[in-house]
Amino acid sequence: MLLTLLLIPILTAFAVILRPARQAALIATIGSTAAFAWSMLVWRAFDFGDSAAMQVTASWTWIEPLGLRLSLGVDSIALLLVMLTAALTPLAILGSWTAITQRVREFYLWMLILEAAMLGVFVARDLLVFYIAFEFTLIPMYFLIAVYGSTNRARASIVFFLYTFTGSILTLVGLLYVAWAHWDQYGRWTFDIAALTATAASMSAAQQAWVLLALCCGFAVKVPLFPVHTWLPLAHTEAPTAGSVILAAVLLKLGTYGLYRFAMPMCPAAFHEYAPLIAVLCIVGIIYGALVCWVQRDMKRLIAYSSVSHLGFCVLGLAAINAAGVGGSVMYMINHGLSTGALFLCVGMVYERFHTRSLDELGGLARRMPVWTAFTIFFVLSSVGLPGLNGFVGEFLTFFGAFTSGQPVQGLPTGGPLGPWYGAIAATGMILAAIYLLYFAGHLVFGAYHLPDTSHAGHDDHAHVRLPRDLCMREIAVLAPLALLCFWLGVQPGAILSRIEQPVSEIVTHVNAAADRSMLITAIDESEDR
Amino acid sequence: MISAAGAQLVLLSSLASASDAAAVRLNVPVEWIVFAPLLAALLCGILALRTGDARARYSGAICVAGIGLAFLTSVAIAASVGYGFAHETVFEWIRFDRLRADFAFFLDPLTSIMLLVVTGIGTLVAVYASEYMRGDRGYARFFAFVSLFIVAMTTLVLADNLILMYLGWEGVGLCSYLLIGFYYEKPAAVAAAKKAFIVNRIGDLGFALGICLTYLQFGSVEFAVIFEQVEALRTSGAEIPTAIEAIPFLLMLGAFGKSAQLPLYVWLPDAMEGPTPVSALIHAATMVTAGVYLIARTLPLFLLSEYALPTVAWVGCLTAVFAATIGMAQYDIKRIFAYSTVSQLGYMFMGLGVLSSVGATFHLFTHAFFKAALFLGCGAVMHGFAGQLDLRRLSGLGRVPGWQIVTGSMLVACLALAGFPLTSGFFSKDMILAEAFVTAGPGYRAIGWIGLLTAGLTAYYTFRVFFRVFLGPVHFTAGEEHHGGHGHHFHPHAPGAAINVVLIVLGAGAIFAGWAGVGGGHHGWFGSMVHHSTAAYEAPAGAAHGGFFSNPHQWMMLASSVVGLLGIGVAAYLHLYNRAAAERLRRSILPVAVLAGHKWCVDEGYDLLVRRPLRFIGHVCYSLGDTLIINGLVALGGAVPRLIGAAVRPMQNGRLQGYGLGMAGGLATVIIIVWVML
Amino acid sequence: MVQMSIIYAACVAGAIGLLFLLPRRGNRWWPIGAVLGGGALGAGLLALARGGGGGGVDLFFYLLAFLAIGAAVRMITHSRPVYAALYFILVVLATAGLFVQLAAEFMAFALIIVYAGAILITYLFVIMLAQEAPDDQHPDALTEYDATAREPVAATVAGFVLLAALLGMMYRGTGAMPAHAAAHRTADAELAVLTGKVQAALRAADLIRPGETIREVDAEARTAVAAQDSGDGLRTVALPDDLRVSNVDAVGVSLLSEFPVSLEVAGVILMLAMLGAVVLARKERVGTPRDSKSGNTPHDSQSLIVGAEGAL
Amino acid sequence: MTEPLSILALNHYLLLSAVLFVIGFIGFLTRRNLIIMFLCTELMFQAAAIAMIAFGAYHGNVQGQVFLIFILTIAAAEAALALALVVMLYRRRPTLDAEKWSELKG
């Protein structure tokens, strides 16, 4: 079932290549929508009563002596991210119908391959399948940036590729070390994530710390955490709209998902020990990203930096290691995907019309583009974390988690190494988010109506389809589902929260128990030394 | 001290009051209060997005209908709830781990009062605006936002837990943002909107942290659970943890942000950039009182800390006098009333702080009427005189035909604001001031005196406006919205029926609303209402029943009447009979007046001390941190291979043999390494 | 055991000798190189011979090895391409001789036919085709790139270091291998599938009657089952002793039974190479619509290339 | 078939193979004539071929020879293509100097 899910985009990609260019967009849209429909079937097949377990599994032998298996499966968190990917890709594709005018077929090919790779990451139960898919996302993204990006695309694509690739090589080292440790212990190779997780979790704290460091190298770059975030603004700025959408919505989640799926369960004791450090990085990232956001003149870069700030919250929630924090973090992954993805779409629609990203050249679009304005303001508010919209629930829970982490609630201890101060300082990010996003909205949407000097736009006209000033039905069809979803998740977050409760509480228990054990061992050692 | 006084006070939490007022089963669909305006907001929103749709002109009616329905429901609920309380879950919202925050309503008499104020004033303002906003391009949009505001505000008021309250809290902030920035082509409006939202957010941060801390301490965010535990804590007599004592201070921060108290008041005067009905509804009558409501609602928590309520009282008191001084030096009528709002909100906090929650709520109630009337009157002036608001350019409007109703309602409202005897403001203000003298607390007596002084200042600046604008010789200049050509004489157009009716209703309210609270303490209708809510407390017995001079509740009426009349008198002399004297006086204290006119330069100070440094840090982070240091380090990392590359570049000359040579060398090296290692 | 020190010394001496031999303008030191190189080669081969011959190595090996190495050295040191090609033919011939020594007769002849016969002749053609025509003043003039070697020192040092390393490793590594690899297969095992060959041999030796065919061959027992054409009358026949599987037989069987697909692929590669060569070497068509102005002169084609360089 | 090769004899052949390979390699590096460079690659092929055959003899099977057939195929194909390329290049610019044809460098 999951294999079919992976195959749908790949087969569609072939279909796109084989058919004439003018059909490419349609085929890609249909194909990715089919993938989404299929993911709905997976959702139906999933038993949420046991959502922490890997379900809808499938497994085929791949390379027997190495214990490599093509095994797929999802727990509810992975399933949610699968749904996010499958839902956003058709929208991103639909949003690029008129934006892409050259090398059309290749564009949709890469988009679909990218979708397959991202889905592969989330459905992998085998380490190497995961890693291959994880790395494979780089290739389509590289081409999307390098071929369809704007002026500085060459540098952006290379920086993007090298940055993330360097990080993930170290991740591979860490993962292979775990696989080797398993071999060392049991005398056979396996890359089954569950088996390796068990092995890794039983390693000594020092070993775990090294593995954690290696894993974090890759995942932190991908997230991106401060201070390895500088590739993101560049990549976002230069990428085409659809690329930015996917990048923000899903690719960044690969990092947080990696932390959730590998770093936390594999090195629980080390993660618990170093969580404050990670949290500090997150908080610095939240505030730093927000302040930097505020001085941007380029709207895509602004949103990119806002991602840095937002993802800081997301990882902070993980580092809180309590149910609220981790659950909020998962919620945040989904929400950030929806609202930031949508914001990039909105910005892309403006870019498509006026061919500029500069906030200096645009202003007061509300006057001529009321529908667009309504959507943009809506998503800005969602991104700011306005209660009642989706952004709030995740943001509140993460910072709530960080705040309550490690604090007894009515005498009942909750796990986690953080404390109120982490939450309190991180919460200033909420103010800063309001500052920079309203700065963005104030410049772009409100204020006096002005457009860039159109004297140089003449040569663009023949290359671009004429678009109405305000959004056309297709663009509304792209944004409306996202807006509905944002609203619905804001009002009914239980739809997600109740479904992730089991895996979240499982991992929180796992990490905290391991940390307790490790502390106990240290204490025993010390007493023996004495 | 409060702790000492607290021992005398009997806190009646909602659950305690359950003994004499059992939980009420509501037979009214309470969710209509939220959903009817929501429906209106959606309809108006759709109309707003359809440019050129002629049906947009119905949006005013839709909005009035939506809010009106909410008002009717509120009335029914107020009747149904009575002195009891009710609880109603609409749907489950956030439920995770042990955190429970449902979309659920908690109704007690305090809620009823707030609901009536919000939906009642809301309906009136909507009616008013359906005339006032006619012809505006954003007609439908305006009503969409107003309806949305009512949704958020009623949610805030109805919330049964802190997180849902936070939803409403942020929601009203959003609507305020959208409505202040309603004329989004005016840079000042956009800036003011942004400022309002951000300053509010600073307060909200406190609120949010307060929620977290509350959860940590009480394991829940639901009022019922919290208050039960507070009660248990108080009766157990155990020492109260510092963390619990911190909660009221955090919540207070949120309240100060929303209700424009020192030091977060700066956004409210700027918020006058919004359409005047909005100023009346949101920035005078309802939203800004949310902070007062928050503290009133969570009063049991505030009673746990020795310092919380005195802080509230002092902040309120200082804000009241501070804003009054600024208000005295302004020329823009709307701004004067904005500062007046800040000042009056200060009174309300003062009231809460000195344990006169009845007084505070009562003042909130009466203030809603007379301040709405004042703003709507201003709006009528603005509407008629093409946006003119400068009191130096308007005079004697009372004698212009068609403006009598406006003048009349303004007079009534001004009297109420000035605390003229037997008007609504008179009763509510007295209740607060008197309580300051009754309650024992740090410096409460001083607060009382300052409050009294402020009452005088208030009377002065209020009637400064009234005498300048509505009395005296008739002369006026059109505002900047007047686009008539040269030589074209300006004719103000008098307000129509909708505006006049609303002004009459509000004017009546400004006079008679006060009677709801007559009887003092808990004896009047109002007092009993508050007495049966979470904001209830019992004043120490005896103090209220002494002789005339030993009972502040009695001599305060006289004192404040005298002070108020004094203020009116000074204003009459300076601004009606001898306007030249006012100018002379102003010149003699010019620096002070200019400084006050510049709002004591608080905005500039914030800009210099907060905004600029932050933005500077942002620039430094971006240009130094990101582009220089981090990218520099990355580039350095990249430079190492590049240096090596430069060193070996001669080998990479594109000649095949060069590569071959490298291959041989490499192969040999590998072999030798293996050899050595084996 | 082979004296490694001698081998290394021979490497050093050979390297120095080769350095002197490599083409250079006015190279007067080549005799030194020849002596050094020849000495090094001789010393190396001697060390080999002393270190233990036998096991299928006889004098022919040393002769052919000397010939092959000498010719190879001469090939890379000769400044004229034609001679280099001819020396390469000598290397091929010597190699073919060594193949015969190794009982790979088929490959020996294939090498001579394919390499010496076909490939090298092609080379010679191309060399002659591509040689700059000697003008009248300097009939013997060498082009600059033929007359001088580039970076001889670096290349030689690298090459001989590699050689020394390889040899050192080789002698260490093969020491651990068995003196004789165990033959896992019966001698003449291919007879089992070469029924036609067996039948012909039996028939020639009159061991089977006309009308009888071989059904099955047991290579191990050296017997064959013959049957009447009608299908009955099975009988077992012993194979004649002189019936052996030749090298060609073995290679053929192996090729067709074990690597048929590879063989096909090799065929395809050859054909593609042929097509590619034709396409590449085809004369550029002039006067195409794309570039109709360029004439058929070398000058113009030159300018075309300059243009292409500019693009690069 | 004759007796399989001994390890000592195998070493002899391998040594010869290594020497030929290195000579070919040095030639490839030092000579600048494209055709001679190709000849040198052929020489390296020869070296490989000797090693193949010798190993085949050592193991007493014919697979070394079979591999050689494929090597020969590739060599022939390579020679054909290389020479075609040389011809094409020479037609563009009448020189065989490898250093003159270095436009492809980065």
Side-chain angles (χ1 to χ4, degrees), chain C residues 22 48 52 55-57 61 65 68-69 72-73 76 81 84-85 88 91 95 98-99 102-104 107 114 119 122 126-127 130 145-146 149-150 152 155-156 159 162-163 166-167 170 174 177 179-181 183 187 250-251 254-255 259 262 266 269-270 273-274 276-277 280-281 301 305 309 312, chain D residues 1-12 14-16 18-20 22-23 25-27 29-33 35-36 39-40 42-43 46 50 53-54 57-63 65-66 68-70 72-73 76-77 79-81 83-88 90 92-94 96-97 103:
Chain C
L22 279 172
L48 277 192
V57 176
F61 170 79
I69 293 174
V73 169
I76 67 162
F88 184 59
V91 177
T95 313
L98 286 168
F99 283 5
L102 289 168
M107 288 322 299
V114 175
I119 298 182
T122 323
V126 173
I127 288 167
Y145 54 87
D146 274 337
R150 58 180 292 279
T156 314
L162 180 62
L163 178 62
L166 275 174
L167 292 180
M170 190 184 88
T174 54
M177 284 161 73
H180 288 280
V251 171
S254 173
L255 209 52
F259 308 101
S262 310
I269 289 175
L270 272 179
M274 189 179 75
L280 283 174
S301 75
I305 290 162
E309 276 171 45
L312 285 164
Chain D
M1 186 177 267
T2 52
E3 187 163 314
L5 215 55
S6 75
I7 185 75
L8 283 171
L10 173 67
N11 279 345
H12 285 44
L14 291 182
L15 180 139
L16 174 63
V19 171
L20 281 183
V22 166
I23 290 173
F25 196 78
I26 293 173
L29 294 188
T30 53
R31 300 307 300 264
R32 294 157 61 187
N33 189 322
I35 295 177
I36 295 187
L39 274 179
C40 291
E42 301 287 351
L43 185 58
Q46 289 296 305
I50 290 175
I53 299 283
Y58 172 68
H59 285 289
N61 60 27
V62 293
Q63 279 171 8
Q65 300 177 39
V66 170
L68 186 54
I69 288 181
F70 295 128
L72 217 60
T73 314
L81 281 178
L83 290 174
L85 278 170
V86 167
V87 168
M88 193 186 79
Y90 191 78
R92 293 204 163 184
R93 198 179 336 158
L96 289 176
D97 191 348
E103 279 86 20

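Because only heavy atoms are used, hydrogens play no part in the values below, and waters and symmetry mates are left out as well, while side chains stay in.
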Under 4.5 Å from any heavy atom of chain D, what part of C/L167 do you find: side chain, backbone, both or neither?
side chain
At a 4.5 Å cut-off on heavy atoms, which part of D/L20 comes close to chain C: side chain, backbone, both, or neither?
side chain
Heavy-atom closest pair (C/S254 atom, D/V66 atom, distance to 0.1 Å) is OG-CG2, 3.3 Å
If we only count heavy atoms from C-beta on, is the C/F259 to D/I69 side-chain gap below 4.5 Å?
no
Working note: C/F99 + D/L68, criterion side-chain contact (heavy atoms from CB on, under 4.5 Å); need CA distance, chi angles, decisive distance, verdict.
CA-CA 11 Å; C/F99 283 5; D/L68 186 54; 3.4 Å; yes
Where does D/V86 contact chain C at under 4.5 Å (heavy atoms): side chain, backbone, both or neither?
side chain
Rounding to 0.5 Å, atoms CD1 (C/I69) and CG (D/L15) come to a distance of 7.0 Å
Which atoms of C/V73 approach chain D - backbone, side chain, both or neither, heavy atom under 4.5 Å
both
Residues at least two apart in sequence or cross-chain that pass side chain to side chain contact (heavy atoms under 4.5 Å, CB included) with C/A84, listed by chain then number, are C/M75, D/I36, D/L39
To the nearest 0.5 Å, what is the distance between CG (C/L280) and CG (D/L81)?
6.5 Å
Give, for atom CG of C/L22 and atom OG1 of D/T30, the distance between the pair rounded to the nearest 0.5 Å.
4.5 Å
Please flag which part of C/L98 lies under 4.5 Å from any non-hydrogen atom of chain D: side chain, backbone, both or neither.
both
Min side-chain heavy-atom separation D/F70-C/L255 under 4.5 Å:
yes
